[in-house]
Asks: 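One structure coming up, written as structure tokens, with questions to follow.
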There are 2 protein chains.
Amino acid sequence: MSSATLNTDALSQRLADSGLRSTPQREVVYDVLLKKRDHPTADEVFARVKNGLPTISLATVYNCLETLVQCNLVRAVNFERGPTRYCPNLLPHAHFHDEKTGKTHDIDLPADLLEKVNSVLPPGYNPSSVEIIFRGKATGEVASSG
Amino acid sequence: MSSATLNTDALSQRLADSGLRSTPQREVVYDVLLKKRDHPTADEVFARVKNGLPTISLATVYNCLETLVQCNLVRAVNFERGPTRYCPNLLPHAHFHDEKTGKTHDIDLPADLLEKVNSVLPPGYNPSSVEIIFRGKATGEVASSG
DNA sequence: CTTGCACCTTAGAACCATTCCAATTTGTTG
DNA sequence: CAACAAATTGGAATGGTTCTAAGGTGCAAG
């Protein structure tokens, strides 16, 4: 069983769980996100998806991305103003936004750090998620991630 | 010396440091931000500023906000898609975005937590700033802040 | 002063990302 | 296969922001 099949299965499963259908468009959009994890915008996804599915429309790309976010298969990320970016990394992670290259790197977050971060909240605050965004420069050549 | 005078002085000072002029528009925009710290959008700032300066234009509000951000007197904040919000709190702090009320609360961040957060970065990453955003519900009545 | 010049403000046009809409297509179920 | 629901499509509409060109403002040198 190929990894593509695994992904497709995972996708159909999640969609089915939400009472939604698996469609070629949704599959290709998801595959595109998994294949190049550089936090693409909807436009960039659109461009990549057209290779495999030349007649897809931008509106559909937006719809599919929205659907994937609903199903918790993809995270939508907004650093500063500008187009929303999409990220198929589901593990808890922060983002490092390199001001020089414009690229965004995923930074794994250990569970105990998340705990400490949550502990700064006064009683009465019940977080459902935390997002951590670094900005700065990455010197030398660290592993690239869009 | 009134607090408004203090603010105005601080503002002129910072502007002068950057070779910029203090103008009525810039002063009023800054005062508006200081007076009601509910993370307003540019449109909301525009509406408030018009009370004191009825002929100001939206473009100028955008210009002034941009200037204040440049001078490090104000932070621009973007939770998810939607208009940028502005925050005159210069101390290191996180934001808690209440999904029920839509309001945003400032959460003070102790220095040692920032250190720990920074320490998750692998060598080669040099952050110039960190942003932490919580989402969730604030139960009971915690101090309100926009 | 008063002329020149850089900085600011202004209104409206332009722009870009996204959402909406109405029509069509696809897939499923009876 | 008929009927209906879910998805896709292209284009129009929207909302926030930036751009542009024209006019004001205030200091600086003569």
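Keep in mind that what you see is a predicted model, and the values were worked out from it rather than measured.
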Asks: Just how far, in rounded Å, is P of dC20(C) from CD of E66(A)?
Replies: 10 Å
Asks: Does Y62(B) have a side-chain nitrogen or oxygen under 4.0 Å from the phosphate oxygens OP1 or OP2 of dT18(D)?
Replies: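 No.
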Asks: Compare side-chain N and O positions of T41(A) against OP1 and OP2 of dA17(C) and report whether any pair is under 4.0 Å apart.
Replies: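 Negative; the distance criterion is not met.
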Asks: Check whether any side-chain nitrogen or oxygen of S57(B) sits under 4.0 Å from OP1 or OP2 of dG12(C), and answer yes or no.
Replies: no
Asks: From the set dT9(C), dT18(C), dT17(D), return the single nucleotide nearest to any side-chain atom of L58(B).
Replies: dT17(D)
Asks: Of all the choices, dT10(C), dG11(D), dT9(C), which nucleotide is nearest to the side chain of A59(A) once you look at every atom?
Replies: dG11(D)
Asks: Is T23(A) near enough to dA7(D) that one of its side-chain N or O atoms lies under 4.0 angstrom from OP1 or OP2?
Replies: no
Asks: Respond yes when some side-chain nitrogen or oxygen of Q25(A) is under 4.0 Å from OP1 or OP2 of dT26(C), and no when none is.
Replies: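 No.
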Asks: Both R81(B) and V61(B) contact DNA chain C. Which one's nearest nucleotide lies toward the 5' end?
Replies: V61(B)
Asks: Here's a test of your reading of the structure: between R26(A) and A42(B), which maps to the more 5' nucleotide of DNA chain D?
Replies: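 Result: R26(A).
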Asks: Give a yes or no answer on whether the side chain of R85(A) reaches the backbone of F79(A) with a donor-acceptor pair at less than 3.5 Å.
Replies: no
Asks: dT19(C) C1' sits how many Å from E80(B) CD, rounded?
Replies: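 Between C1' of dT19(C) and CD of E80(B): 16 Å.
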